[in-house]
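Chain A is the first sequence line, chain B the second, and so forth, proteins listed ahead of strands; every chain is numbered from 1.
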Amino acid sequence: MKYPFKEVEEKWQKNWEDSKVYKTDLSDLAKKLYCLVMFIYPSGAKLHCGHWYNYGPTDSWARLKKLQGYNVFEPMGYDAFGLPAENYAIKTGVHPQDSTFKNIEDIREQLKTMGCMYDWDAELMTCVPEYYKWNQWLFIQLYNKGLAYRKKAPVNWCPSCQTVLANEQVENDGSCERCGAMVEQKNLTQWFYKITNYAEELLEGLNKIDWPEKTKLMQTNWIGKSTGSEVVFGIEGSNETFTVFTTRPDTLFGVTYAVIAPENELVDRITKPEFKKAVEEYRNSVKSLSEIERTSTVKEKTGVPTGAFAINPVNGEKVPIWIADYVLASYGTGCVMAVPAHDERDFAFAKKFNLPIRKVILKDGTGENDELLEAFTEVGTMINSEQFNGLPSDTGIEKVTDFLESKNQGKKKINYRLRDWLISRQRYWGTPIPIVYCEKCGELPVPENQLPVELPYDVDFKPDGGSPLAGNKDFVNTVCPKCGGHATRDVDTMDTFMDSSWYYLRYLNPRFSEGIFDTKLGNEWTPVDMYVGGAEHATMHLLYARFLHKFLRDINLVNSDEPFTKLIHQGTITNQGAKMSKSRGNVVNPDGFIKEYGTDVFRMYLMFMGPYELGGDWSDKGIVGVDRFVQRTYSLFEGAKDILKLSAPAAKYAVSEMNDAEKSVYRKVNQTVAKFAGEVENFRFNTAVAFLMELVNELSKNISGCRKEIAAYVFERFAVMLGPLAPHLAEECWNILGNETMLFEKPVWFEADPDALTVDEVTIAVQVNGKLRATVVVPVNSAQNDVKNAVFSDKKVLVHTEGKQIVKEIYVPNKIYNIVVK
RNA sequence: GCCGGGGUGGCGGAAUGGUAGACGCACUGGACUUAAAAUCCAGUGGGAGGUUUCUCCCGUACCGGUUCGAGUCCGGUCCUCGGUACCA
C-alpha cells in the first residue's frame, strides 16, 4: 500500500499533542538542553522554503537529542513588531495589529503542519503589552545606569520608510535594507544605548563561545579594536587644540597637513574668513552624500583648505588644516594627521592637491632620496625624525608616544570602530519609548509601576516624516510623574532588535508577571545550548543580544556571560540564483509539496539537498527520490507488522551463527547505527539521509532471508533512526512493529554492536607507481609479507612490474600496497 | 581593494593524504502490463581498443610544487558567492 502520509501525519501530530509529548518539564534539569531557532517575522508572505530550511533540520537535531534522553526545550514565537506591517498598513489601510495577528494565526497553522517539537505553551509574540512592557522596563534600567542617552547625530534617513536606519541596516549601494530606497542624511535627536562600554568584553567573550569562526571574525572586525595614540595638535594663533588618533605615531615627523571631518564644529571656529565660502560650499556638497558614498574607494578624493594651520607637537612645525570627506566625524576623534609618505589615502590626497610628501620611514635597501611611487606603510628605519633617527619604526611607535606623554601632548589610546546602538525609530509599530518630557522637570523615565506605556490602537500612520504617535493627543499628553504638571511622551518607538535581544529568556515563562523573566529558570536554562539562524545576523542581532545579556548579568538577572553557547548558520536557499523575497517574486511556497509528498518528505529533501551550512539554489528535481525512499521504507515495515509481539529480539547476536543474508543485514544496520548519530549531531543531514537509503537498499535485498528475531532487531533500530529525520513516518513504523508506546513519548536510542563492526577480510588497493592496478582481498591486519605474496601473484601487477627494478614498497595495513618501479 | 567560504559526472552532491564520483535525480536496457503509469532488476565520468569474462589512456577550475601516493597539503592565477567599505 502507498504510504498514507496525510492520515499518518495528522494522527501522530494529534497523538503527540494529546499526550503533551513536547511540553518540556523545566524543573527537570538533569539533561537539560535548550535548542533555539531565530523566531519568525510574521509577514504576509508566510512560511517559505528558507524558514523550513532553518526550522526542519534544527528540529531533527533536537529530536536526535530527545531520543538520546535529553530534556529538550524547543520554543517558537513571533518577532511581531516592525516596518513591513506598517508599510502594508500605509498601502492597504489594514491596521498593523490586525494584519499581524492574522498572519500569526496563519503561520502558526503552517508551523504545526511541520511537526516540530515546539512547546506551544511557551509561544510568545513581541507585539503584546505583556512582552513589550519589559522592553520598556529594560530601557529604564539602561537609562538609570547611564547606558541609554540622547544625542543629536547625523543619521541615515530612509525617505520611503520615513525612518532612521542604523548604519548596519543600510546596504552597500546606499539603499535601505528593507525597501531599497536611497538613504539620505538627516540630523535628529535620538536615543542610543552605550554598547561601546562593552566593546572590550564583547571582543573577549568571542573566545568563550562555540560559534563559526567566520561569524566571530565578522564581530571582531565590526568591533574594530585598534591600539594607537592620541596626539594633541595646537592651532596657530589660537588657544584651541585638536586631538587626532593614530596607530602610527612613529610617522609624526612626516605630517605635512591635517584633515578634519567637514561636520566637525571646530571647522566653524578656525576657518579663515577668505576660506569661509569655499568651506561652506564643500560642507553642503558633502551633506547630501551618504556615509557609504563618501567613503567609497573608487571615489576621487575631495577636500578644501580652511586657511588655518596646525602645530605639530614634536617639532613645532606649521602644517595646513584641510577638511575632506574621507575623514569621518563618527570614527576616532574626527581629526586626522596626514602622513602622505606612509598612508595610502593621505598619499592619494597629497598627490591630487600638490601637498608635500616627506619620507620619515626608510624601506630597507632603498635610498633616502629615492622617489616614492606609493605610500610605504610597513616597518622600516626612522629618518628625518630628529632624536628618533635610526630607530626601527615599530620601536619608534612606543618611543614617540612616551615622548609625547612626557610633554603632556599625547597618550596611548585604544580605539574601537563600534558605535553606540541607535534605537529610536520614527515609527508606529513598535515599543513606545518610556520617557516623558515635562516643561518644568525635563526628561524623565516613566515610573516602573506605570508600565507598560501602551501603544494606542488609534493612530494615523500615513507617512509625513514624523512619528505617527505624535498625532494621537491622548497618547502624547500626560502628567509629569514628578511634579504632576503637564508633560508629553516621547513619540518614537524602539528598534525591533531590542525585542529579539532577550526573547530567549522570556520563552521560559512568557506569562511571568513579576519581572522581565523568571530569573530562576533563566539561570537554570540559559545560555541557550544550540542556536540556529541566518548568517545575515552576524553583526546586528547577535551582537546586540550579547550586549544586553551582559547588561542583564550586570544587574544580576542572569548568571552567565554569553547568551548562546553554540551557534550554527543554515545556508541560504536561493531561487534562480537570488535570495527568496516577496519583492523579487521568487518565493517558493512549500505548501504544494506538503500536499503532494507530506511534511516528512519535504523536510528530508531539504536535508538531502547538500551541506546544511552552504544552502544552495532551489530545485525540486530530486524530491521524488526521497519520496521513493519513504515508500520503500514503509512497505518494508508493512512486511514486519507486529514483529516485536511475535519475537522479542536480543540485545546482540553472534555473527558467526548467522546465514549470509543475516550477516549482511546485521552488519549494515550496526554500521549505520555507529555513524548515524554523529552525522545528525554535526548537522550533516545529507549524509545521514544517504546512510538510511543505503540501509533500505540492503534490507530490500536481504531481509527476506533473515530469521524473524534478526529482522525485529534490525527494524527496531531502523525505526528509531528514522525518528529525527522523518518523525511521523518513524512513529508509524514504530507502531507497526508492535510497540505500545510512542517513540517520542518513551525515547529510545541504540548503540552499535562493536562485534558487528569488525571485519575479517579487507580489500587492499595495489598500486604501481601510484596507479591503481589491482585489488587483493586479505585477512584484516595482515603482515606485509603475507600481502606481498598475494600482490605478486596477481597477473596485472606482474604485467607492470616484470622486467623492472623495484625501488620501494609501501604498505599501509588494510589500505594500500604501493610498488615503486624504475 | 580587504576578509572569509566555494569551484568534483548531464544535475544535487560523497570522499581521517591511500581504490575519486557514496547516496539521489536524470538517462538507457530488461521484467511486470493489452498498453501506459507506478514498481522491481541491471547499467551509467570521458575516450581508445578487445568487444563475453577484459585492457589501457585521460579526468576533481587553471599553472607549478611537496609526497611512494594530492580533490584533500604548499605557492601562484582565474571564476563565483557572502561579509565589509578610505577605520587614520
Side-chain angles (χ1 to χ4, degrees), chain A residues 2 167-168 172 212-215 217-218 220-222 224-226 228 231 244-248 251 259 291-299 301 324-328 330-339 342-346 348-349 415-418 535-536 538-539 569 571-572 574 577 579 605 608-611 613-626 628-629 631-632 635 684 686-697 700-701 763-775 796 799-800 807-812 814-821:
Chain A
K2 196 162 187 314
N167 244 331
E168 300 94 309
N172 290 347
E213 284 307 317
K214 69 168 197 171
T215 308
L217 189 67
M218 276 163 73
T220 302
N221 293 340
W222 195 263
K225 180 179 182 174
S226 67
V231 184
V244 304
F245 174 73
T246 178
T247 54
R248 294 296 305 276
T251 64
V259 188
E291 191 165 287
I292 309 290
E293 287 167 318
R294 260 175 75 157
T295 57
S296 159
T297 43
V298 291
K299 184 176 155 290
K301 293 270 182 298
D325 61 0
Y326 79 93
V327 173
L328 301 177
S330 55
Y331 181 79
T333 61
C335 305
V336 171
M337 62 180 224
V339 186
H342 306 293
D343 182 283
E344 280 157 34
R345 292 150 302 169
D346 298 342
F349 193 84
N415 198 43
Y416 297 92
R417 176 188 176 276
L418 183 69
E536 67 274 17
T539 50
H569 297 304
T572 312
T574 55
K579 210 169 160 174
Y605 177 58
F608 189 56
M609 273 172 52
E613 271 139 298
L614 283 184
D617 205 47
W618 172 256
S619 154
D620 58 13
K621 263 173 112 182
I623 195 167
V624 293
V626 175
R628 275 177 208 150
F629 162 74
Q631 300 300 340
R632 296 175 70 194
S635 63
R684 292 191 295 260
N686 53 334
T687 47
V689 174
F691 292 153
L692 294 190
M693 287 174 167
E694 286 187 45
L695 181 59
V696 163
N697 290 343
S700 303
K701 239 177 258 165
T763 307
I764 287 185
V766 183
Q767 299 181 336
V768 178
N769 285 349
K771 282 192 181 180
L772 181 75
R773 295 300 177 189
T775 57
K796 279 166 270 171
V799 167
H800 292 276
V807 180
K808 198 170 175 183
E809 288 167 61
I810 295 110
Y811 172 59
V812 180
N814 306 324
K815 288 238 166 91
I816 204 145
Y817 198 106
N818 190 11
I819 304 153
V820 185
V821 298

Checklist outcome for this item: Here the gap from A:N814 atom CG to A:T763 atom OG1, rounded to the nearest 0.5 Å, amounts to 10.5 Å

Checklist entry - Between A:Y326 and B:rA88, is there a side-chain N or O to OP1/OP2 distance below 4.0 Å? => result no

Next on the checklist: Measuring to OP1 and OP2 of B:rA85, would you say a side-chain N or O of A:R417 lies under 4.0 angstrom away?
Outcome noted: yes

Checklist entry - Got A:K808 and A:N818 here, is their nearest side-chain heavy-atom distance under 4.5 Å? => result no

Checklist entry - A:V820 near the nucleic acid: base, sugar-phosphate alone, or nothing, with a heavy-atom cut-off under 4.0 Å? => result sugar-phosphate

Checklist entry - Between B:rU16 and B:rA70, how far is it from one C1' atom to the other, in whole Å? => result 15 Å

Next on the checklist: Rounding to an integer number of angstrom, what distance separates B:rG46 and B:rG10 when you compare their C1' atoms?
Outcome noted: 12 Å

Checklist outcome for this item: Closest of B:rG12, B:rA85, B:rC68 to the A:W222 side chain is B:rA85

Next on the checklist: Quick one, A:N769 and A:V820 - any side-chain contact, counting heavy atoms below 4.5 Å?
Outcome noted: yes

Next on the checklist: Would you say A:K214 places a side-chain N or O within less than 4.0 Å of OP1 or OP2 belonging to B:rC3?
Outcome noted: no

Next on the checklist: So A:R684, base contact, sugar-phosphate only, or nothing? Heavy-atom distance under 4.0 Å.
Outcome noted: nothing

Checklist entry - OP1 or OP2 of B:rG12 sitting under 4.0 Å from any side-chain N/O of A:K621? => result no

Checklist entry - Base, sugar-phosphate, or nothing for A:N697, non-hydrogen atoms under 4.0 angstrom? => result sugar-phosphate

Next on the checklist: Pick the closest RNA chain B nucleotide for A:R628 and for A:I764 by heavy atoms, then say which residue is nearer the 5' end.
Outcome noted: A:I764

Item to check | Distance-only polar pair, side chains of A:N221 and A:R417, donor-acceptor under 3.5 Å | outcome: no

Checklist entry - Any idea how A:Y817 and A:Y811 line up, ring-wise: parallel (<30°), tilted (30 to 60°), or perpendicular (>60°)? => result tilted

Next on the checklist: Looking only at the side chain of A:N818 (C-beta and beyond, no hydrogens), which of the listed nucleotides B:rA88, B:rC25, B:rC68 gets closest?
Outcome noted: B:rC68

Next on the checklist: With rounding to the closest Å, how many angstrom separate the C1' atoms on B:rC25 and B:rU44?
Outcome noted: 13 Å

Checklist entry - On RNA chain B, nearest-nucleotide positions of A:R345 versus A:L217: which is more 5'? => result A:L217

Next on the checklist: With rounding to the closest Å, how many angstrom separate the P atoms on B:rC2 and B:rG17?
Outcome noted: 30 Å

Checklist entry - Tell me, do A:D617 and A:T574 make a side-chain contact under 4.5 Å, heavy atoms counted? => result yes

Checklist entry - Ignoring hydrogens and geometry, is there a side-chain-to-backbone donor-acceptor pair from A:D343 to A:A338 under 3.5 Å? => result no

Next on the checklist: Within the 4.0 Å heavy-atom criterion, would you say A:E694 contacts the bases, only the backbone, or no part of the nucleic acid?
Outcome noted: sugar-phosphate

Next on the checklist: Students often get this wrong, so: under 4.0 angstrom with heavy atoms, is A:K771 touching a base, only sugar-phosphate, or nothing?
Outcome noted: sugar-phosphate

Next on the checklist: Using atom C1' in both nucleotides, what's the gap between B:rG45 and B:rA15 to the nearest angstrom?
Outcome noted: 16 Å

Checklist outcome for this item: B:rG12 glycosidic conformation (syn if within 90° of 0, otherwise anti) is anti

Checklist entry - NA contact type, A:N769, heavy-atom cut-off 4.0 Å: base, sugar-phosphate, or nothing? => result nothing

Next on the checklist: In whole Å, measure the gap between the C1' atoms of B:rG71 and B:rU8 for me.
Outcome noted: 7 Å

Item to check | Bracket string, RNA chain B, 5' to 3' - pairs by Watson-Crick or G-U geometry under 3.5 Å, | interstrand | outcome: (((((((..(((.....[....))).(((((.......))))).(((((....)))))..(((((..]....))))))))))))....

Next on the checklist: Does B:rC57 have its OP1 or OP2 closer than 4.0 Å to a side-chain nitrogen or oxygen of A:R773?
Outcome noted: yes

Checklist entry - Would you say A:I816 and A:Q767 make side-chain contact, with heavy atoms under 4.5 Å? => result yes

Item to check | C1' spacing across the pair B:rG24 / B:rG18, given as an integer number of angstrom | outcome: 27 Å

Next on the checklist: Applying a 4.0 Å non-hydrogen cut-off, can you work out what A:T763 is touching in the nucleic acid: base, sugar-phosphate, or nothing?
Outcome noted: base

Next on the checklist: Looking at A:H342, I'd like to know whether one of its side-chain N or O atoms comes within less than 4.0 Å of OP1 or OP2 on B:rA88.
Outcome noted: no

Checklist entry - With rounding to whole Å, what would you report as the distance between B:rG9 and B:rC3 at their C1' atoms? => result 33 Å

Checklist entry - Reckon A:V799 touches a base, only the sugar-phosphate, or nothing at all at heavy-atom distances under 4.0 Å? => result nothing

Checklist entry - Using 30° and 60° as the class limits, which term best fits the ring planes of A:W618 and A:Y605: parallel, tilted or perpendicular? => result perpendicular

